[in-house]
Amino acid sequence: MTVPLINFTLIKAISLLPKWFAKPFAKPYVAGETIKEAIDKIKILNEKGYLVTVDILGEHTKSKKEANRITEQYCLLYDQILEENLECSISVKPTHVGLDISSIEVMNNIGKILKKAEETGNFLRIDMESSSVTDKTIQIYEHFKKNSTNIGTVLQAYLLRTQTDLDKLSSSDINIRICKGIYDEPQKISFKDKNEINKNYILFAKKMARNNHFCAYATHDQILIDELVNWIENENISKELFEFQCLFGVPMEGRLEKLMEDGFKVRIYVPFGPDWYDYSMRRLNENPKIINYVLGNLFKND
Ligand code: FDA
């Protein structure tokens, strides 16, 4: 279905208006501003049978003090997850906890967060940002995975380098989320064609399974999900080796419930925090159809 021009115009208009105006449009994608709001949403998702990974919104932190404060918040989150007995891991963006400041800063902070993940019997996923930090992010992951199985990272199917990265990483046990990739990368280093990205995605998933490595399939693409499910069933891939993942608030028309009914694990990526604005605008741009959905809900609530 094509998206009416009015939706694109509305998104442009929302981005020019004060932030409070964007809030109703951001709401479906973000679990609130506080830890308490996020925990409440996670509980509801867990009750419905979803696993969760939670993320504090923000990136490109420029001060050490702020990077340390965010690190402490992540550690506190692990404590709360344990206290509340939630099925919830944590996802962290390296630039949120100091990658733009220095290698020492980010390593110290990821080290602290991982230690807390281990102490609380939990898991830490390092999100993948733009190609300017792919090498550094892989290095961070390689460093910590030597001594821990409580850590994983993300690789992006749109990058030409991804199969080589995977081959290099595969010599030891790894835990990877595969996604298409969200950043606007130059043509010389990335696939632009949707079919090529999907082909690379499937190749990646197959390699991970062949090596007996756990892979999280992060996508809302129903055709890709169909293809993955067909392959999983035909090849009898062990359910211990994968899970599906989606972003909080993305309408999936009952597909996730169906996956769970069929015995597959589904994890929802739940972002929260005061820095909700940039994330939500990226999500709106990704799917302008959400405008209709939010407006519909606004009118229903009246
Ligand atoms: P595609 O873009 O083809 O979308 C498929 C369908 O879903 C379309 O109909 C589309 O409109 C709809 N859809 C997609 N996104 C939507 C949205 N936000 N709102 C409403 N509808 C939407 N990227 C990255 O670079 N680094 C990372 O670490 C992560 N992490 C991550 C975790 C999880 C759990 C998910 C689901 C995604 C990511 N991503 C990511 C983002 C990912 O790379 C990608 O940009 C989006 O998931 C969109 O790609 P799809 O695979 O969903 O397909």
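Values below: all heavy atoms of this structure, side chains included; hydrogens, waters and symmetry mates excluded. Every number for a ligand or one of its atoms is a count from 1 in the order of the listing.
For the pair Pro251 and ligand 1, the shortest N or O to N or O distance does not fall below 3.5 Å. Of the N or O atoms in His220, one or more lie within a sub-3.5 Å distance of an N or O in ligand 1. In terms of polar-atom proximity, Cys246 is not counted as a contact of ligand 1, lacking any N or O under 3.5 Å from an N or O of the ligand. Close N/O approach between Gly181 and ligand 1 is found [any backbone or side-chain N/O within under 3.5 Å]. For ligand 1, the polar-atom distance check finds no N/O of Tyr158 at less than 3.5 Å from any of the ligand's N/O atoms. Distances between N or O atoms of Thr219 and those of ligand 1 include at least one value under 3.5 Å.
Selection from Met128, Glu129, Glu185 by nearest heavy atom to atom 27 (C) of ligand 1 gives Met128. Which of Gly249, Cys179, Ser91 comes nearest to atom 38 (C) of ligand 1 through a heavy atom is settled by distance: it is Cys179. Counting only non-hydrogen atoms, the option in Tyr29, Phe248, Tyr183 that gets closest to atom 19 (N) of ligand 1 is Tyr29. Distances from atom 33 (C) of ligand 1 to the heavy atoms of Leu247, Ile268, Ile225 put Leu247 nearest. The closest non-hydrogen atom to atom 30 (N) of ligand 1, taken over Arg177, Lys93, Gln245, comes from Arg177.
Checking Glu37 against Thr34 by side-chain atom types alone, a donor-acceptor pair falls below 3.5 Å. No side-chain N or O of Gln156 forms a donor-acceptor pair with one of Thr162 less than 3.5 Å apart. Looking only at atom types and distance, the side chain of Arg161 has no donor-acceptor partner in the side chain of Ser131 under 3.5 Å away. For the residue pair Asn198 and Asp221, a side-chain donor N or O sits within less than 3.5 Å of a side-chain acceptor on the partner.
Put simply, the side chain of Leu51 does not reach to within 4.5 Å of the side chain of Ile268, judged on heavy atoms.
For Lys93 and Glu129, the salt-bridge test fails: no basic side-chain N is under 4.0 Å from an acidic carboxylate O.
Summarising the geometry, atom CG belonging to Asp135 is positioned 11.0 Å from atom CD1 belonging to Ile140; distances are rounded to the nearest 0.5 Å.
Checked against the 6.0 Å centroid threshold, Tyr158 and Tyr201 do not count as a close aromatic pair. Here the two rings, on Phe242 and Tyr217, have centers that are under 6.0 Å apart.
Counting the atoms of ligand 1 from 1 in the order shown, those under 4.0 Å from a heavy atom of Tyr269 are 32 (C), 34 (C). Close approach of ligand 1 to Asp127 is summarised as follows: ligand atoms under 4.0 Å from at least one heavy atom of the residue are 28 (O). Of all the atoms in ligand 1, the ones that sit under 4.0 Å from a non-hydrogen atom of Lys194 are 3 (O).
Using a 4.0 Å cut-off between heavy atoms, Arg267 makes no contact with ligand 1 at all.
Residue Ile70 comes nearest to Ile56 through the heavy atom pair O-CD1, 4.5 Å, listed as atom of the first residue, atom of the second, then distance.
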